[in-house]
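Residue numbers start from 1 in every chain, and the chains themselves are labelled A, B, ... in the order their sequence lines are given, proteins ahead of strands.
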2 protein chains.
Amino acid sequence: MNAIICTVDVVLLTLQDEALHVALLQRDHPPFAGVLALPGGYVHADEDVDTGDAAMRMLREKTGIESPYLEQLATFSGRARDPRGWSISVAYYALVPWQVIATARHPELSLLAVDQVRALPFDHQQIIATAVRRVRDKSSYSSLPVYLCADRFTLPQLQSVYEAILGTPINKVSFRRKIDELDILEPVAGALETGKAHRPAQLYRVKKRFYRQLSLSDRALSSR
Amino acid sequence: MNAIICTVDVVLLTLQDEALHVALLQRDHPPFAGVLALPGGYVHADEDVDTGDAAMRMLREKTGIESPYLEQLATFSGRARDPRGWSISVAYYALVPWQVIATARHPELSLLAVDQVRALPFDHQQIIATAVRRVRDKSSYSSLPVYLCADRFTLPQLQSVYEAILGTPINKVSFRRKIDELDILEPVAGALETGKAHRPAQLYRVKKRFYRQLSLSDRALSSR
DNA sequence: CCACTTCGTTGCACAATGCAACTAAGAAAG
DNA sequence: CTTTCTTAGTTGCATTGTGCAACGAAGTGG
């Protein structure tokens, strides 16, 4: 029996121009050498503790990024998805603020709007679609989108992040109520957004204890 | 480099005596031969279309059951979980009515209440815990629990299934409103539950078009 | 100092949820 | 045959959550 190919792929998502973007890299080995694809590669049994560890390594090696949020997405498998043979890819997704990607050391990294992704090798398009669906679902009842924000941000900024992900406007008052209930943010004393020709907004940061932990709401933010 | 061991494990859940139970089997091969564990085994690259297919095969071969609901749960991996070496297990979970297990051809199958499961081989305890968490979460905003019901059931029966899974009483009126909104059930004309010394309840069945498809609610059933 | 814009809050209308009380419909007891 | 008991299923109302509009607040720029 042929050995099964074990890989890990990472869907690195960020927000640019009010739209979710996915980070893609040119593959440097066959199959599909030179083609844009998700950062990924073989699981190294002698090096990786588990596939989550492999995903972190992949992100670090291929993009120079350490993401505070990295979650297992799903596993994709079968004969057809990889020309090399029957394969398993354990997919992960990560969320980072756009600034983190901009300052990462890998310039050959491409950002594509997730709804303009087409014709990727393997089943990477399906993996991305699954990740986007997961992020949208989870955003409607959790604090997930704060991982797309810089370390300090205003509530109007955060609202526009939610709106970009969910693809629908949110009522300002309801939004602020929900965020307040989650109880994950604290105002940065005396820090206001500057430079705009109107009343400045209060800057917030995530409370320390929620830095790496999602907060869930028992009711969704907006109807569908 | 050592080849990575690729397996599939299935968490087969059912409801018995108002409590979630998991189906376990005595392993017939080492490691842990003779010990109770989740039904599972190697992925067969020459036989299985993908891991979902492998999971169905595992269920069929080891328990004789074909489950209408079988969903990928998560993938568990690493050096430590299997004494044979670095391994990946793609875990699936299935929900079936108790009667299906009772009439299955495999008598050596054990049902254990999920909160009394202890000391299983590999990381099967963790896999079960993950499955139970998933089922509880999903039940609060979906029709998932109907997969634990026989093909005909009353609304009070369905409510008690929800209550058993969620571990909390649900308001009768709210429950019926939610189920009604999901619009997945139809009354079986003229069929009433018999044999009880009180007003008989209407029997319902799942509408054909929802037989294999979940219906989601945009609001959770009960607060936590 | 006034116009303009967005921030952030308040009050209120409307919708969803939960509770209690009610009627309905059977079996069992007298 | 009538009464009692128990659960099914519904109705009305109190409570809570959500969405909208309007308002004062606080900055910039003319």
Side-chain angles (χ1 to χ4, degrees), chain A residues 18 139-142 149-150 152-164 166-205 215-224, chain B residues 18 139-142 149-150 152-164 166-205 215-224:
Chain A
E18 315 266 287
S139 294
S140 69
Y141 61 90
S142 81
C149 291
R152 293 173 180 214
F153 51 88
T154 69
L155 288 182
Q157 282 168 359
L158 181 60
Q159 177 170 352
S160 100
V161 172
Y162 271 87
E163 290 173 338
L166 298 176
T168 167
I170 303 172
N171 179 271
K172 181 171 55 163
V173 182
S174 308
F175 178 76
R176 298 173 88 100
R177 263 194 299 243
K178 281 287 179 214
I179 297 297
D180 189 56
E181 282 164 18
L182 289 179
D183 196 32
I184 52 168
L185 301 184
E186 56 188 8
V188 182
L192 302 177
E193 192 191 29
T194 56
K196 298 290 177 59
H198 53 75
R199 173 174 176 178
Q202 175 66 52
L203 283 169
Y204 290 82
R205 66 172 154 241
S215 180
L216 303 176
S217 165
D218 53 345
R219 316 219 170 235
L221 242 169
S222 65
S223 63
R224 46 192 84 181
Chain B
E18 314 267 287
S139 294
S140 69
Y141 62 89
S142 82
C149 290
R152 293 174 179 213
F153 50 88
T154 68
L155 288 183
Q157 281 168 0
L158 182 59
Q159 177 170 353
S160 100
V161 171
Y162 270 86
E163 291 174 336
L166 298 176
T168 166
I170 303 173
N171 180 272
K172 182 172 53 163
V173 182
S174 309
F175 177 77
R176 297 173 89 100
R177 262 194 300 243
K178 281 286 178 215
I179 298 298
D180 189 57
E181 282 165 17
L182 290 179
D183 196 33
I184 52 168
L185 301 184
E186 55 188 9
V188 181
L192 301 178
E193 191 190 31
T194 56
K196 297 292 178 58
H198 54 75
R199 175 176 177 178
Q202 175 66 51
L203 284 169
Y204 288 83
R205 67 173 154 239
S215 180
L216 303 177
S217 166
D218 55 346
R219 316 222 171 232
L221 243 170
S222 65
S223 64
R224 45 193 85 179

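- The nearest whole Å value for the distance from the CD atom in B/Q159 to the P atom in D/dT10 is 13 Å.
- Side-chain atoms of B/T154 and B/Q202, non-hydrogen and from C-beta on, never get closer than 4.5 Å to each other.
- Looking at every heavy atom in both residues, A/K178 comes nearest to A/A220 through CE-O, 3.8 Å.
- Computed from coordinates, the B/L155 CG to D/dT7 C1' distance equals 14 Å when rounded to whole Å.
- Phosphate proximity of C/dA27 to B/R199: absent, as no side-chain N or O sits under 4.0 Å from OP1 or OP2.
- Rounded to the nearest 0.5 Å, atoms CZ (B/R219) and CD (B/E181) are 9.5 Å apart.
- Remark: A/N171 is not in phosphate contact with D/dT18, judged by side-chain N or O atoms under 4.0 Å from OP1 or OP2.
- Using a 4.0 Å heavy-atom cutoff across all strands shown, B/K172 reaches at least one base atom of the nucleic acid.
- Rounded to whole Å, atom C1' of D/dT16 lies 11 Å from atom CD of A/E181.
- What you find for B/V161 and B/C149 is that their closest heavy atoms are CG2-SG, 3.9 Å.
- Atom-to-atom, CZ of A/R176 to P of C/dT10 comes out at 11 Å; the value is rounded to the nearest Å.
- Distance A/F153 CZ to C/dC7 P: 15 Å, rounded to the nearest Å.
- When all heavy atoms are compared, the tightest approach of A/E193 to A/P200 is O-CB, 3.1 Å.
- Among the nucleotides C/dT17, C/dG8, D/dA26, the one closest to the side chain of A/P200 is D/dA26.
- Taking every heavy atom of residues 187-195 of chain B and every atom of DNA chain C, no pair lies under 4.0 Å.
- Here D/dT16 presents its C1' atom at 13 Å from CZ of B/R177, a figure rounded to the nearest Å.
- Shown here for B/R176 and B/P156, the closest heavy-atom pair between the two residues is NH1-CD, 4.3 Å.
- Between the C1' atom of D/dT18 and the CZ atom of A/R219 lies a distance of 11 Å, rounded to the nearest Å.
- Using a 4.0 Å cut-off, no side-chain N or O of B/K196 falls inside it from OP1 or OP2 of C/dA28.
- Atom NE2 in B/H198 sits roughly 17 Å away from atom C1' in C/dA29 (whole-Å rounding).
- For the pair A/L221 and A/I170, the minimum side-chain heavy-atom distance is below 4.5 Å.
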